[in-house]
Amino acid sequence: MARNKFDIDETLESPFNINHLKRSMVYINRYKGQMILALSLSLIAVFCALITPQITKYMLDVIVPEKDLWMLLVFVILLTLSIVLNIFLNVMRSRITARVGQNIVYDIRQDLFEHLQQLPFAYYDSRPHGKILVRVVQYVNNVSDMLSNGIINFVLEICNLIFVAVFMFLTDAKLACVIIAGLPILAAIVLAIKPAQRKAWQIQSNKNSNMNAYIHESITGASVTQIFAREKVNAGIADTQFENVRKSFMKAVFISNWVWVSVEIISVAIQACIYGFGILVFQPMITFGTAVAMCDYSQRFWRPITNLANLYNNLINTMAYLERIFETIDEPVDIQDSEGAYALPPIKGEVEFKDVVFEYEPGHPILNHMSFRVKPGENIALVGPTGAGKTTVINLISRFYDISSGQVLIDGHEVSKVTLNSLRSQMGVMLQDSFIFSGNILENIRYGKLDATMDEVISAARTVKADEFIQQMEDGYKTEVNERGSRLSQGQKQLVSFARTLIADPKILILDEATSSIDTKTERLMQQGLNELMRGRTSFIIAHRLSTIQSCDRILYIADGVIKESGSHEELLAKKGLYYDLYMAQKQDAGIAVSAD
């Protein structure tokens, strides 16, 4: 069986470098005031924690031998206050970093989503949507803690190490040297593990992305799965995906755990050495309180190293996610406002193609020096064989793609020189795929005009003959239709989409096989509304049924990237050419419409 897109691991376009991490600092800098406050609170908390061994040392070496109960009580209170203050400051720090972390999540996700909205159709056609979704949701969540709490903790643990080292050497320099003797060993272990660790987390990221892509596809195609009784087969594929994620995660964690395990082993060994050296070598020179304090400092010294090791593990993991996030943000937006673009003024609807050449792939032109002119208010039908370029023509009018050469003009304005918003806001485009958003019918129709009144919504629905079936539903226009309009038939979804397009009151109307899923009876009723709607509007229609095409002012038969025939329905029949053959083929099919696509 051929491999699907969700089975293919993603390959990074460029290796990760520190610039990715530096780039993420843009989001942190927006909240640097709160980050500095959180860090300040943490440093005070560290100081409170570090004076506790000194209090303990003084109590054991001075107060206890002197049996001064009142002084002991005072120092116990001081010890308690330092612990309570440390806890309070850490709680405040955690609240600040949690808020900053969520703000960073919001900012990154907003930038990512806004960029995705601008990417061309080709981007979504070339990759599973689940792999896009996981970047917006899971990957952003995974990096947020590292970019907020992680940065503060990194600085904090470094400061903690310095402070602990200072206190250690002030307390006993010889034992302090014993404590830090394990650092070179740890550094060697970290450097040895790093390459395998990064690779393991990249593999885990890939497997997780593949799993999300398959789950998304399976949910979207659940009805098709049941129709073909593929439940067991799909369950087997899903099981493979889940197992790949589990194995890759366990391997990545296994490799990463060697860092903190090494820290723990070295830490315990160091503490044993402290007691050994203290008893066997330095016993005449140190007190019992000093030994206890140095053991406490040893734990406090290696604890931030353990935390730094965990932060390092998270950083390696975060790097894999940052690569994917910035890779998406760096995806070029091929279609955007050109430099110096101006707002297209209110249009009349004149459309002209001048010697237009267009190719999806270099060297394979779809439109080959095509030229035609459409007058304002003229209704144009596009017919021809599959792949002839009919849909391409309407996509170029809306500038979903840029042409290779020539000019596409609307009212004399080149579409490439006006802003996309001013261009598309004056068009009504209904594509072959009638997408219905989750929500109710009213919200879906208003999507074309957010400030539309209820009367305007009902009027648009009546024009396309959607009002009748909507009124028969349990809550009328307030009826919930679920994601992708699962409660509606394909024909009903097209009618709702049609009403959504019409309510925008466009000057140029584009219908790409808009009636392909509507029965003949409904189409006849809708045609009455369409005739009224298209009056005074420039319309481009691609349709399966010639009943819609026959009413158009002009029919363009497109083949081999050029216009082979042009004229009204009657004129083209009289020529007995390509259109005539298409029309006769449909008549011979005993009333079953053959696609004009």
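The first residue of the sequence shown is numbered 1, and numbering continues consecutively from there.
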Beyond-backbone contact of P345 with H413, side-chain heavy atoms, under 4.5 angstrom = yes
Do you know which two heavy atoms are closest between L578 and E565, and how far apart they sit?
-> N-OE2, 2.7 Å
Compare all side-chain heavy atoms of V408 with those of R399 and state whether any distance is below 4.5 angstrom.
-> no
side-chain hydrogen bond (donor to acceptor under 3.5 Å, both in side chains) partner of Y27, the single match among D107, D111, N103 | D111
Contact check, side chains of F358 and N395, non-hydrogen atoms, under 4.5 Å = no
Write down the atom of F540, the atom of F372, and the distance for their closest heavy-atom approach.
-> CE2-CE1, 4.1 Å
Distance only, no hydrogens: is a donor on one side chain within 3.5 Å (strictly under) of an acceptor on the other, for Y360 and T392?
-> yes
More than 12 foreign heavy atoms under 6.0 Å from NZ of K449: is that the case here?
-> yes
Side-chain donor-acceptor pair present, Y477, N444, cut-off under 3.5 Å = no
Would you find more than 12 non-hydrogen atoms of other residues, nucleotides or ligands less than 6.0 Å from R95 atom CZ?
-> no
Non-hydrogen atoms of D337 and V418 that approach each other most closely | OD1-O, 4.2 Å
Nearest atoms (heavy-atom pairs only) where V415 meets L396 = CG2-O, 4.1 Å
With a 4.5 Å heavy-atom cut-off, do K478 and L442 have their side chains touching?
-> yes
Residues P332 and L119: closest non-hydrogen pair is O-CD2, 3.6 Å
Stepwise, does the salt bridge (Lys or Arg N to Asp or Glu O under 4.0 Å) test hold for E350 with K375?
-> CA-CA 5 Å; E350 180 183 76; K375 299 176 182 178; over 6 Å; no
State plainly whether the residues R462 and E468 are in salt-bridge range, i.e. N to O under 4.0 Å.
-> no
